[in-house]
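For reference, the structure is listed below as structure tokens.
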Amino acid sequence: MSASPWPGVVVRYRERLPLPAGAEPVTLLEGNTPLLPADALSPGGPRLWLKLESMNPTASFKDRGMTVAVTAARAAGARTVVCASTGNTAASAAAYAARAGMACVVVLPAGAVAQGKLLQARAAGARTVAIEAGFDGALALVREVAALHPEIALVNSVNPLRLEGQKTAAFEIVDALGRAPTALVLPVGNAGNISAYHRGFEEARRLGWIDRLPRLFGVQAAGAAPLVDGAEVEHPETVASAIRIGRPASAALAREAVRATGGAFLKVEDREILAAYRDLPRRLGVFAEPASAAAVAGFARLLAQGTWGPDDDVVAVITGHGLKDPGTAEGELGGGEVRRVPAERAAVEEAILGEAWV
Ligand SMILES: *Cc1c(COP(=O)(O)O)cnc(C)c1O
């Protein structure tokens, strides 16, 4: 019996997930995230919703895939989970490994991971390793090591179970809307998540839950846009560290996702990402990390190009929480400084009623 009416992704979607019958779920009750109306960002445009994947237990969508990958790893007898990460995979792997009673090792690009994500991994007791390489180099190395040691479980999105878990977000969107949206817009880094959404919507169509696929739009940062530019990027650069990836492991699946749904890849400048990053909390109360703001920046571009009409339904995926990246917040949110005032009635009165300074 569960104390929660929501049993988590593995139990809720068990019959749609390729897990061995006896595997006991490793869960933090991830999934069931809000689909928040956001029409304020779509003046004269389509109905817009934000899928708040930032509300998962470790505050990113990675938890959906991690519950499935770690459940399978533990059932198979693995003792250690390993990943390379721009941060959120590490935070998620560390938490699910702790829950499972397994060890976790995370391999990170030195100096390139947002502080909150690093703290999450360390808090959960993961062995935390920084190397002088970007994410692509880190992933290549952990893949090599994992191939030599079958007793460790690699939980990057090259593990197909990650995509299986992440496809459940598509099921939830269909459930919440009662139909397929016209389009889904999401940030793309290693390209696992867009591939997972494609799989989920395709499965929903085969099951007769929807009769057409939403167009999938994958948004990359201009300095890390291999899928837009058609060439790997040696030194990817963007403020959005979660998508600072030059050699997406799931590139082929992602291209197929875009092709099969009539979508597209597009790139946005860091300046557009940061504009959306500042807008989201101020206009909607939604604090998202920069990579997630890229989805909203991509939506704004497509809106300006007249991609949709007022009868369309568009979902933008908020992949991770703004609290994960206090460094960028401190530098980029601007305004809203903390004003020190004397602990006196007149000063507090002036602070409350005086001219706004934010
Ligand atoms: C992992 C991640 C992405 C990119 O997802 P991919 O599956 O690597 O394309 C985007 N945003 C956030 C917040 C992430 O953690």
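The figures here come from the full heavy-atom set of this structure, side chains too, leaving out hydrogens, waters and symmetry mates. First listed ligand is number 1; within each ligand, the first listed atom is number 1.
Taking atom 7 (O) of ligand 1 as the reference point, the nearest protein heavy-atom neighbour is Asn193 N, 2.8 Å. With respect to atom 12 (C) of ligand 1, the closest heavy atom belonging to the protein is Thr319 OG1, 3.3 Å. Taking atom 5 (O) of ligand 1 as the reference point, the nearest protein heavy-atom neighbour is Phe61 CZ, 3.4 Å.
Ligand 1 has an N or O atom lying under 3.5 Å from an N or O atom of Gly189, backbone or side chain. Checked by distance only, ligand 1 and Gln166 stay at 3.5 Å or farther apart across all their nitrogen or oxygen atoms. Any N or O atom pair closer than 3.5 Å counts here, and Glu289 shares no such pair with ligand 1. When only interatomic distances are considered, the shortest N/O to N/O separation between Ile245 and ligand 1 does not fall below 3.5 Å.
Residues Glu172 and Arg12 are not paired through a salt bridge, judged by the lack of any N-O separation under 4.0 Å between the basic side chain and the carboxylate. Between Glu202 and Arg199, no side-chain nitrogen of the basic residue sits less than 4.0 Å from a carboxylate oxygen of the acidic one, so the salt-bridge criterion is not met.
In summary, of the residues considered (Lys267, Arg247, Gln220), a side-chain contact (heavy atoms from CB on, under 4.5 Å) with Pro226 occurs for Gln220 alone. Partner Phe299 forms a ring-ring contact (aromatic ring centres under 6.0 Å, His included) with one of Phe217, Trp308, Trp49 and no other, that one being Trp308. The residue from Lys324, Glu53, Gln120, Met55 that alone fulfils the side-chain contact (heavy atoms from CB on, under 4.5 Å) condition with Ser60 is Lys324.
In this pair, Trp6 and Tyr13 present their aromatic rings perpendicular. The plane angle is above 60°, beyond the 30 to 60° band.
If you number the atoms of ligand 1 from 1 as listed, the ones under 4.0 Å from a heavy atom of Gly192 come out as 6 (P), 7 (O), 9 (O). Interface of Ala291 with ligand 1, defined as ligand atoms under 4.0 Å from a residue heavy atom, comprises 11 (N). Against a heavy-atom cut-off of under 4.0 Å, Val188 is close to the following atoms of ligand 1: 9 (O). Counting the atoms of ligand 1 from 1 in the order shown, those under 4.0 Å from a heavy atom of Asn190 are 6 (P), 8 (O), 9 (O). Contact atoms of ligand 1 toward Gly320: 13 (C) (distance under 4.0 Å to a heavy atom of the residue).
In the hydrophobic cluster analysis, where Ile, Leu, Val, Met, Phe, Trp and Tyr join through side-chain heavy atoms closer than 4.5 angstrom, Phe135 is grouped apart from Val239.
Of all heavy-atom pairs spanning Ala297 and Ala276, the tightest one is N-CB, 3.9 Å. Across all their heavy atoms, Ala191 and Pro248 have their closest contact at CB-CB, 4.0 Å.
Of all the heavy atoms of Thr86, none lies under 4.0 Å from any atom of ligand 1, so neither backbone nor side chain is involved. Contacts with ligand 1 closer than 4.0 Å are made by side-chain heavy atoms of Asn88 only, the backbone lying farther away.
Residue contacts with ligand 1 include Ala191, since one of its heavy atoms falls under 4.0 Å from the ligand.
Checking Lys324, Arg244, Lys62, Glu53 against atom 1 (C) of ligand 1, the nearest heavy atom belongs to Lys62.
No hydrogens or angles considered: a donor-acceptor pair under 3.5 Å links the side chains of Thr168 and Arg64.
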